[in-house]
There are 2 protein chains.
Amino acid sequence: MTENTSHTRPYSGVIAHLKQAGLRPTRQRIALAKLLFEGENRHVTAEDLHAEARAAGVSVSLATIYNSLHQFTDAGIMREVVVEAGRSYFDTNTGDHHHFFHEDTGSLEDIPTELINVSALPAAPQGKSVQRVDVIVRVSADD
Amino acid sequence: MTENTSHTRPYSGVIAHLKQAGLRPTRQRIALAKLLFEGENRHVTAEDLHAEARAAGVSVSLATIYNSLHQFTDAGIMREVVVEAGRSYFDTNTGDHHHFFHEDTGSLEDIPTELINVSALPAAPQGKSVQRVDVIVRVSADD
DNA sequence: TCTCGTTTCTGGAATAATTCTAAACTATTG
DNA sequence: CAATAGTTTAGAATTATTCCAGAAACGAGA
Ligand SMILES: [Mn+2]
Ligand SMILES: [Mn+2]
Ligand SMILES: [Zn+2]
Ligand SMILES: [Zn+2]
């Protein structure tokens, strides 16, 4: 079992994690990776992560937050989720799953893929292939 | 049968359509409604509609395009679909359905609700209720 | 461990979509 | 035809994100 399922890894594996992703383990990427990958899976916006880094005493520019988030996404260790116009969420859970979007709080919650049965997908138009199927269940407080 | 299924209506029904939605039939709303509701269902961005209006010789400000699109949405005769960060699509099809999102062209295509079986939705967290379930199938040209 | 070419980081300017504002207009109603 | 409330608009403002170009950090070799 060489397979390490991202969030079960103790701490300090971040550097290896970054290298495996083909990214130099710089001071800022290490700090961000620790915040993101140690512990539970998370859904963050760039601003969220920026604030969190500051709070943790890590000095990183917002531009670097965006750069890192996109690099992590391109490297396949995060993914981008779009639920609201004008704001991007980045998800540390890269496995197959779906989301509850809490409209009140603007937060995302994972829905394990087994819990939703997306079947009988119409064939993708010819010459095209399906990149991903996103299911977003929008919930909010009862009336 | 008082029910008129939006796009089977001849033309000139727009005024009635707007009134039913509780919106004054102003010159610009009538023009936009004609572009939007006469003919097939459509998915447009604010800029799309603005360009189309100009092309049709209708002078409407971009602010009014946004206002109208939101008013139509609030009135329930359109709905907003979010598939890409930073751009909103407005859909004239308010019925239950899902979408193919063509990443290459940035266009949306309806998927009739019957074609996708979203079952066994996990219960919405207590005190919350499901507003909508969006399924987005992202497709793009084969590698 | 020093060196140097390459990558990364950064503050601030630039962009793009959308929203806001306040003044000018227009639909509606009596 | 008013009078009034609703609507439109140009342009400024806002928000999220990206771009830029110089400074700093990384790491493969010597
Ligand atoms: Mn992006
Ligand atoms: Mn909106
Ligand atoms: Zn998730
Ligand atoms: Zn649609």
Side-chain angles (χ1 to χ4, degrees), chain A residues 14-35 43-54 56-75 77-90 106 108, chain B residues 14-35 43-54 56-75 77-90 106 108:
Chain A
V14 261
I15 293 184
H17 199 195
L18 288 171
K19 282 184 176 162
Q20 277 170 26
L23 298 168
R24 283 193 186 174
T26 64
R27 193 195 92 236
Q28 15 294 83
R29 293 209 275 233
I30 292 169
L32 297 179
K34 281 188 180 168
L35 291 174
H43 304 95
V44 301
T45 64
E47 289 290 357
D48 286 345
L49 186 57
H50 193 215
E52 199 174 327
R54 311 228 121 168
V58 182
S59 160
V60 196
S61 75
L62 187 55
T64 295
I65 299 278
Y66 275 104
N67 288 341
S68 302
L69 250 12
H70 283 135
Q71 290 154 352
F72 293 172
T73 300
D74 293 345
I77 60 179
M78 288 193 88
R79 76 172 192 188
E80 197 174 350
V81 181
V82 180
V83 284
E84 281 188 306
R87 191 200 265 8
S88 261
Y89 288 78
F90 291 85
L108 285 168
Chain B
V14 262
I15 294 184
H17 199 195
L18 288 171
K19 282 185 176 161
Q20 277 170 28
L23 297 168
R24 284 191 185 176
T26 63
R27 193 194 93 237
Q28 15 296 76
R29 292 208 277 233
I30 292 169
L32 297 179
K34 280 186 180 169
L35 292 174
H43 304 95
V44 301
T45 64
E47 289 290 357
D48 287 345
L49 186 56
H50 194 214
E52 200 174 325
R54 312 228 120 167
V58 182
S59 159
V60 195
S61 75
L62 187 54
T64 295
I65 299 279
Y66 276 104
N67 287 341
S68 302
L69 250 13
H70 282 134
Q71 291 153 353
F72 293 172
T73 300
D74 293 344
I77 60 179
M78 288 193 89
R79 77 173 192 187
E80 196 173 351
V81 181
V82 179
V83 285
E84 281 188 307
R87 191 203 272 351
S88 262
Y89 288 78
F90 291 86
L108 286 168

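Chain identifiers are assigned alphabetically (A, B, ...) following the order of the sequence lines, protein sequences preceding nucleic acid strands; residue numbering begins at 1 within each chain.
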Is there any protein nitrogen or oxygen under 3.5 Å from a nitrogen or oxygen in nucleotides 12-17 of chain C, and what are the pairs?
| unit_1 | atom_1 | unit_2 | atom_2 | d |
| --- | --- | --- | --- | --- |
| dA17(C) | O3' | Gly86(B) | O | 3.3 |

Shortest non-hydrogen separation from Glu80(B) to Thr73(B) and the atoms involved: N-CG2, 4.1 Å

Walk along nucleotides 22-30 of chain C from 5' to 3' and tag each nucleotide B, S or - by protein heavy-atom contact under 4.0 Å, base first, then sugar-phosphate. -----BS--

Separation of atom OH in Tyr89(B) from atom C1' in dT18(C), rounded to whole Å: 15 Å

If the cut-off is 4.0 Å, is Arg29(B) near the phosphate of dT8(D), judged by side-chain N/O to OP1 or OP2? yes

Measure the distance from CD on Glu84(B) to C1' on dT17(D) and round it to the nearest whole Å. 14 Å

Can you measure from CZ (Phe90(A)) to NE2 (His70(A)) and round to the nearest 0.5 angstrom? 4.0 Å

Rounding to an integer number of Å, can you tell me how far Leu62(B) CG sits from dT7(D) C1'? 16 Å

Nucleotide of dT19(C), dT9(D), dT18(D) approaching Asn67(B) most closely (side-chain heavy atoms): dT9(D)

Expected output: side-chain Arg29(A) to main-chain Arg24(A) donor-acceptor under 3.5 Å: yes

Could you tell me the separation between the CD1 atom of Ile15(A) and the P atom of dC26(D), rounded to a whole number of Å? 11 Å

Starting from P on dT8(D), measure out to CG on Leu69(B) and report it in whole angstrom. 13 Å

Which whole-number value in Å describes the distance from Ile65(B) CD1 to dT8(D) C1'? 12 Å

Under the salt bridge (charged side-chain N to carboxylate O under 4.0 Å, His left out) test, residues paired with Arg27(B) that sit two or more places apart: none

Hey, is the side chain of His70(B) poking within less than 4.0 Å of OP1 or OP2 on dT19(C), counting only N and O atoms? yes

Exercise: identify the closest heavy-atom pair between Ala56(B) and Leu35(B): CB-CD2, 4.4 Å

Restricting to non-hydrogen atoms, name the atom on Ala46(B) and the atom on Leu69(B) that form the minimum distance, rounded to 0.1 Å. CA-CD2, 3.9 Å

To the closest 0.5 Å, what do you measure between CG (Leu49(A)) and OG1 (Thr64(A))? 11.0 Å

Would you mind reading off the distance between Gln71(A) atom CD and dC9(C) atom C1', rounded to a whole angstrom? 10 Å

Reckon Ser59(B) touches a base, only the sugar-phosphate, or nothing at all at heavy-atom distances under 4.0 Å? sugar-phosphate

So which one's nearest nucleotide on DNA chain D is more toward 5', Ala85(B) or Ser61(B)? Ser61(B)

I need the NE2-C1' distance between His50(B) and dT8(D), as an integer number of Å. 12 Å

Within the side chain of His50(B), is there an N or O that forms a donor-acceptor pair under 3.5 Å with the backbone of Val60(B)? yes

Sidechain-backbone polar pair: His17(B) side chain, Ile30(B) backbone, donor-acceptor under 3.5 Å: no

